[in-house]
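Since the model is a prediction, treat every value here as computed from it, not as a measurement. Naming: A, B, ... by sequence-line order, numbering from 1 per chain.
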Amino acid sequence: MTNSAVTATALRVARGGREVLRDVGFAIPRGSVTGLLGPSGCGKTTLLRAVVGVQAITGGAVEVLGRPAGHTALRHKIGYATQNPAVYADLTVAECLRYFAAVLGAGDVDQVLRDVDLLDHADHLVGTLSGGQRGRASLAVALLGSPELLVLDEPTVGLDPVLREDLWTLFHRLAATGTTLIVSSHVMDEAARCDRLLFLRDGRVLADDTPAGLRAETGEQDLEQAFLHLVRSAA
Amino acid sequence: MNPTTTLATARRVLTQLRHDPRTVAMLLVVPTLLMTLLRFVFNDERVFTRTAPALLGVFPFMIMFLVASVTTLRERTTATLERLMTMPMGRLDLILGYAIAFGALAVAQVGIATAVCAWWLGMAVTGSVWTLLVIAVLDALLGMALGLFVSAFASSEFQAIQFMPLFVLPQFLLCGLLQPRDQMGWPLRWLSDVMPLSYAVDALSRVTAGTGFTGAIRTDLLVVAGCVLLALALGAGTLRRQTA
């Protein structure tokens, strides 16, 4: 158990009378990058919200860093970047980060801005940034205070390939220092960059394995084909 | 309760406003403009003196209600509230941070309007101008606290703005400004008794007419201050760490 940063057992979530997550179980090892992949609307965001503890769950349990998800002691240890950038449009990038840093008691504003390559935009209003830049500003907030667990909902959407490459390098650098990352994406070509994959479809876990393990199991080299193979054999 | 996060939040809200100078200018000037308009509508200093103090409380009450409900609604509907709820941020700290920022703004807003009324528009105050100022600021805070609270029940800016006529105008109609409260029929009288603005307007009328800081004024102020605290606590209660 101590090797797992996040464990979910028989997790169920219903929203508006509809089952969004049905009997989801998995374990995420510490110091790894886990990709949460699946089509739009399959329950990725709900699952991530359950991990950070803002989602009311209907059954099962989620344990994060040895405590139940949402525990007070976890609030210093988790960095969370929502799908829609959670930054104040009417503040500059630096003002926004300084505010969240004050809430967290963190002091590494310049460092995280360098990590997401926004240092030269520090004095720009968030509202004037491009979509991709705004997403990176939101990612920077999640990085504040070097959290043990980073939960990132589609962090690379709308980024050019060079920046995407830089961010994946950053994710693996963080994982090498012991940080656990859960990164969601609906783009299959990001799957190969992850240490582990969690395929989600219709609120169920379709696969929980390493990329190599999935290729071996399905006999497909391409991970998108592997996903399709699993969908077909589950049907 | 954590003073660091409370003050950081207050500073953040004020910084957001600083980037929006048009809103700040309107907040500071509009009540004064309305009072000036009223003065020339009456075109008589004595009639103006009878009505002005009550309106000095009512205008900031309305404006703060609107500004506070829209601002907090924005926080609730964007992902920033969800992010803050995953951080070591107390719900009361967040609400108090907003209260401090808007409270500072209310002091400036009411201060300007009172000064202009007393020195240029000929409003004669028999009691203390300072007491008048305190009551008017408390009114503005009451509007802010109610605005924070009702923003929980709005899911869009359209709804939030509609809450103004719903929550604010009945208080205005029943506060004793249009018709003395003791001349209302019992159902209206009773309604007027449970509305906080009535106590604020009573206190303002007492200051204008009477002398010094009487026990009746103190009671009125305590009722208004109690309502402010109650609305802030209820507002904090409506922030949810977990949502469905």
| query | chain A heavy atoms under 4.5 Å from B:T243: which part of the residue, side chain, backbone, both or neither? | reply | both
| task | Indicate yes or no: does A:E95 engage B:R18 in a salt bridge with an N to O separation below 4.0 Å. | result | yes
| said: Are B:T86 and A:I78 packed together at the side-chain level, in the sense that at least one heavy-atom pair is separated by less than 4.5 angstrom? | reply: no
| remark: Okay, B:R74 and chain A: the region with an atom under 4.5 Å from a heavy atom over there is side chain
| said: Quick check on A:D208: does its CG atom have over 12 non-hydrogen neighbours (other residues, nucleotides or ligands) under 6.0 Å away? | reply: yes
| query | How long is the span from the CZ atom in A:R98 to the OG1 atom in B:T15, to the nearest 0.5 Å? | reply | 8.5 Å
| Which answer fits A:T46, side chain, backbone, both or neither, if we ask what part of it has an atom under 4.5 Å from a heavy atom of chain B? | neither
| Part of A:R49 within contact of chain B (heavy atom distance under 4.5 Å) | side chain
| query | Where do A:H76 and B:P88 come nearest, in terms of heavy atoms and distance? | reply | CE1-CG, 3.4 Å
| said: How about NE2 on A:H186, more than 12 heavy atoms from neighbouring residues, nucleotides or ligands closer than 6.0 Å, or not? | reply: no
| Would you say B:R241 has more than 12 foreign heavy atoms packed within less than 6.0 Å of its CZ? | yes
| task | Check each atom of A:A14 against the heavy atoms of chain B and say whether the ones under 4.5 Å are side chain, backbone, both or neither. | result | neither
| said: Measuring only between side-chain heavy atoms, which start at C-beta, is B:E82 closer than 4.5 Å to A:Q55? | reply: no
| note | Here the gap from B:T80 atom OG1 to A:Y99 atom OH, rounded to the nearest 0.5 Å, amounts to 8.5 Å
| message | So which residue, B:T4, B:L17, B:T9, ends up with the most heavy-atom pairs under 4.5 Å with chain A? | response | B:T9
| note | Output for pair (B:L81 CG, A:T82 OG1), nearest 0.5 Å, gives 11.0 Å
| query | Under a 4.5 Å heavy-atom cut-off, does chain B meet the side chain of A:A81, its backbone, both or neither? | reply | both
| Heavy-atom proximity to chain B below 4.5 Å, by part of A:S138 | both
| Within 45° of the axis and under 6.0 Å from the centre of the six-membered ring of A:F100, does NZ or CZ of B:R83 qualify? | yes
| request: Answer yes or no: is there a side-chain heavy-atom contact under 4.5 Å between B:M87 and A:V103? | output: yes
| task | Taking the side chain as every heavy atom from C-beta outward, state whether A:L125 and B:H19 have any atom pair closer than 4.5 Å. | result | yes
| request: Decide yes or no on salt bridge (charged side-chain N to carboxylate O under 4.0 Å, His left out) for A:D90 and B:R12, but give the supporting numbers first. | output: CA-CA 10 Å; A:D90 45 5; B:R12 187 261 294 176; over 6 Å; no
